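Comments concern the structure below.
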Amino acid sequence: MTPNNAVLTDDFGRKHNYLRISLIEKCNLRCTYCMPADGIVLSPKASLMTADEIHAIAQTFVNNGVDKIRLTGGEPLLRKDFPEIIAKLGSLKTEISITTNGILIDKHIDVLKQFNVKKINLSLDTLVASKFHSITLRNQFQSVIDNLHLLLNNDFKIKVNVVLIKGFNDDEIIDFIKLTQFLPISIRFIEFMPFAGNEWDKSKMVSQKEILDQVQHHFLESDVEKLEDDKNFTAREFKIKNYMGSFGIISSITNPFCDGCNRIRLTANGKIKNCLFSNSETDLLTPFRNGEALEDLIAFAIKNKKKVRAGMTTIEDVNNPALNQDNRSMIAIGG
């Protein structure tokens with residue numbers, strides 16, 4: 001079948017070939033920037049996509065031009081039917097990757113290998129065990145570190161996602177970069193972003209400029225290499241001369257990269273979010289269960305995508321609680 005790229009092209013000419021599917025709203029960590037302190041109201045189990053529904057809805061996207069699928073959560077490996085989901089999506093002959101906190105990787109590494117899932121984004125916000133507990137409220141630091149090395153020993157391509165929060169882990173920026181001296185990983189520093197219940201304010205954010213100021217203070221200017229950014233980049237990539245790995249900065253707040261956005265998000269309860277910051281959603285699961293075609297609904301959602309950050313064009317907009325809290329919590333969106 002020839003893809004109908006018009007379904008996934010918005011009014012700004014951006015073609016969306018990258019689908020991020022949240023499998024579950026639950027997580028085995030309680031990261032404060034992702035989940036409100038008092039938790040969230042979970043969607044009823046009956047309203048979540050089944051493995052068959054995930055496959056069928058993903059097939060519709062693939063038929064219309066999607067060639068990359070990333071599985072997120074919550075924590076996607078908590079799905080008891082995760083191997084079944086991977087097997088079904090594997091039949092679509094598209095690139096599949098996952099974002100995970102890494103705790104359960106050792107239990108699923110064989111199925112990841114079987115279906116050629118080689119790209120893993122591992123969330124790790126600190127290299128200090130006591131700080132790991134304070135941000136996640138769980139004592140799983142060593143499990144994550146052990147599984148990071150397990151993945152590397154099995155030749156997976158690893159990106160380590162680090163959400164930077166001022167006063168918590170901004171003093172570890174150089175330590176994370178030093179990991180890339182001897183490990184073939186990409187560290188991705190992510191600006192702290194506002195979502196419902198995560199107590200975001202601008203003063204907690206570590207900007208791209210502040211990150212690069214630390215880098216330039218610690219390393220010789222001639223040793224900091226700017227790498228070529230991908231066509232649809234989220235991270236602006238850098239490398240320290242002669243280091244095995246690299247590092248990137250995802251600056252959704254201070255330097256958004258919306259012009260080349262090619263991403264669509266599908267929540268665990270089957271709703272499209274056309275932007276991480278968007279408060280509008282389009283239900284696909286209910287129409288699918290009613291036997292309706294989905295292309296027109298998908299096209300409608302994509303056509304209504306704003307040019308920048310769901311219409312929040314300035315830092316002042318992002319800093320406005322009336323705008324930045326009118327959204328799901330991060331755990332209910334999927335990374």
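In this text the structure is predicted, and so the values were computed from the model without any measurement.
- Lys68 places no side-chain N or O within donor-acceptor distance of the main-chain N or O of Glu95, the cut-off being under 3.5 Å.
- Summarising the geometry, atom CG belonging to Asp146 is positioned 8.5 Å from atom CG belonging to Asp106; distances are rounded to the nearest 0.5 Å.
- For the pair Ile57/Leu294, a side-chain contact is recorded, criterion being any heavy-atom separation below 4.5 Å from C-beta on.
- Between Asn169 and Val162 the shortest side-chain heavy-atom distance falls below 4.5 Å.
- Residues Leu77 and Ile103 have side chains not in contact (no heavy-atom distance under 4.5 Å, counting atoms from C-beta outward).
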inquiry  = Walk me through whether Asn28 and Asn101 qualify under side-chain hydrogen bond (donor to acceptor under 3.5 Å, both in side chains).
reply    = CA-CA 9 Å; Asn28 44 4; Asn101 59 35; 2.7 Å; yes

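- Side-chain atoms of Thr99 and Arg70 form a donor-acceptor pair, as typed in the model, at a separation below 3.5 Å.
- Take Arg263 and apply the salt bridge (Lys or Arg N to Asp or Glu O under 4.0 Å) test, not counting sequence neighbours, and it matches no residue.
- At a threshold of 4.5 Å between non-hydrogen side-chain atoms, the residues Phe238 and Val215 do not count as touching.
- A distance of 4.0 Å separates CD in Gln208 from OG in Ser251, rounded to the nearest 0.5 Å.
- Counting only distance, with no hydrogens or angles, the side chain of Asn290 and the backbone of Glu292 share no donor-acceptor pair below 3.5 Å.
- Val117 and Tyr18 fall into different hydrophobic clusters, defined by Ile, Leu, Val, Met, Phe, Trp and Tyr side-chain heavy atoms under 4.5 Å apart, directly or through other members.
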key: Evaluation steps, salt bridge (charged side-chain N to carboxylate O under 4.0 Å, His left out), between Glu210 and Lys166   = CA-CA 10 Å; Glu210 291 170 302; Lys166 193 165 291 184; 2.7 Å; yes

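- Asp223 meets the salt bridge (Lys or Arg N to Asp or Glu O under 4.0 Å) test with no other residue; sequence neighbours excluded.
- A salt bridge does not link Lys26 with Glu75: every distance from a Lys NZ or Arg NE/NH1/NH2 to an Asp or Glu carboxylate oxygen is 4.0 Å or more.
- Under the 4.5 Å side-chain heavy-atom criterion for grouping Ile, Leu, Val, Met, Phe, Trp and Tyr, Ile190 is connected to Phe233 within one hydrophobic cluster.
- Two different hydrophobic clusters hold Met244 and Val224 under the rule that ILVMFWY side chains link at heavy-atom gaps under 4.5 Å.
- Within 6.0 Å of NZ in Lys303 there are more than 12 heavy atoms belonging to other residues, nucleotides or ligands.
- Arg138 pairs by the salt bridge (Lys or Arg N to Asp or Glu O under 4.0 Å) definition with nothing, not counting sequence neighbours.
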inquiry  = With side chain to side chain contact (heavy atoms under 4.5 Å, CB included) as the criterion, how do Asn121 and Thr100 come out once you've worked through the C-alpha distance, each side chain's angles and the decisive distance to 0.1 Å?
reply    = CA-CA 6 Å; Asn121 282 22; Thr100 174; over 6 Å; no

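- Judged by distance alone, the side chains of Asn63 and Gln59 do bring a donor and an acceptor atom under 3.5 Å apart.
- Look at Lys226 and Glu237 and you find no salt bridge, because none of the NZ, NE, NH1 or NH2 atoms lies under 4.0 Å from a carboxylate O.
- Nearest approach of Val7 to Glu295, heavy atoms of both residues: CG1-O, 3.7 Å.
- Rounded to the nearest 0.5 angstrom, Leu71 CG and Leu23 CG are separated by 5.0 Å.
- Look at Arg79 and Glu84 and you find no salt bridge, because none of the NZ, NE, NH1 or NH2 atoms lies under 4.0 Å from a carboxylate O.
- A donor-acceptor distance shorter than 3.5 angstrom exists from the side chain of Asp170 to the backbone of Gly167, with no hydrogens or angles considered.
- Rounding to the nearest 0.5 Å places CG of Leu151 at 4.0 Å from CD1 of Ile158.
- Residues Thr72 and Arg20 have side chains that never bring a donor and an acceptor to within less than 3.5 angstrom of each other.
- Of the inter-residue distances, the one linking Ile135 atom CD1 with Ser130 atom OG reads 12.0 Å to the nearest 0.5 angstrom.
- When the side chains of ILVMFWY residues are joined at heavy-atom separations under 4.5 Å, either directly or via intervening members, Ile174 and Leu124 end up in a single hydrophobic cluster.
- Taking the six-membered ring where tryptophan is involved, the planes of Phe219 and Tyr243 are perpendicular, since the angle between them exceeds 60° and thus also 30°.
- For the pair Asp125 (side chain) and Val163 (backbone), a donor-acceptor distance under 3.5 Å is present.
- Side-chain atoms of Ser43 and Glu25 include a donor-acceptor pair closer than 3.5 Å.
- When side chains are defined from C-beta on, Thr126 counts as touching Glu172, because their heavy atoms get closer than 4.5 Å.
- By the 4.5 Å heavy-atom criterion applied to side chains, Leu266 and Leu284 are counted as neighbours.
- The side chain to side chain donor-acceptor pair (under 3.5 Å) test applied to Ser134 returns no partner, not counting sequence neighbours.
- Considering only heavy atoms from C-beta on, Met49 stays 4.5 Å or farther from Asn269 through its side chain.
- Side-chain N or O atoms of Gln114 include none that pairs as donor or acceptor with a backbone N or O of Val111 at under 3.5 Å.
- Scored by the salt bridge (Lys or Arg N to Asp or Glu O under 4.0 Å) test, Asp52 finds Lys88 as partners (sequence neighbours excluded).
- One hydrophobic cluster, built from ILVMFWY side chains closer than 4.5 Å, cannot hold both Ile173 and Val128; they sit in different ones.
- Within the 3.5 Å criterion, the main-chain N or O of Arg30 finds no donor-acceptor partner in the side chain of Thr136.
- Atom CD of Gln142 is surrounded by more than 12 heavy atoms from other residues, nucleotides or ligands within 6.0 Å.
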message = If you apply the rule side chain to side chain contact (heavy atoms under 4.5 Å, CB included), what do you find for Phe156 with Leu148, and how did you get there?
response = CA-CA 10 Å; Phe156 284 82; Leu148 169 60; over 6 Å; no

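- No more than 12 heavy-atom neighbours from other residues, nucleotides or ligands sit within 6.0 angstrom of CZ on Phe300.
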query = Passes side chain to side chain contact (heavy atoms under 4.5 Å, CB included), Phe189 versus Phe247? Steps please.
reply = CA-CA 8 Å; Phe189 297 116; Phe247 69 96; 4.1 Å; yes

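- The environment of CG in Asp67 is crowded: more than 12 heavy-atom neighbours from other residues, nucleotides or ligands sit within 6.0 Å.
- For the atom pair Ser22 OG and Lys273 NZ, the distance stands at 11.5 Å (nearest 0.5 Å).
- For His108 and Phe82, the ring centers sit closer than 6.0 Å to each other.
- Within the 4.5 Å cutoff, the side chain of Ile120 has no heavy atoms near those of the Ser97 side chain.
- No more than 12 heavy atoms of other residues, nucleotides or ligands lie within 6.0 Å of NZ in Lys119, so this atom counts as exposed by the packing criterion.
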From CA spacing to verdict: side chain to side chain contact (heavy atoms under 4.5 Å, CB included), Asp213, Gln216 = CA-CA 5 Å; Asp213 282 349; Gln216 289 160 3; 4.2 Å; yes

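- For the residue pair Ser246 and Thr180, the shortest heavy atom distance occurs at O-CG2, 3.3 Å.
- A donor-acceptor pair shorter than 3.5 Å can be found between the side chains of Lys113 and Asn154.
- Figure legend: cation-pi geometry between Lys131 and Phe168, with NZ or CZ positioned under 6.0 Å from the six-membered ring centre and within 45° of its axis.
- With sequence neighbours left out, Ser91 forms a side chain to side chain donor-acceptor pair (under 3.5 Å) with His55.
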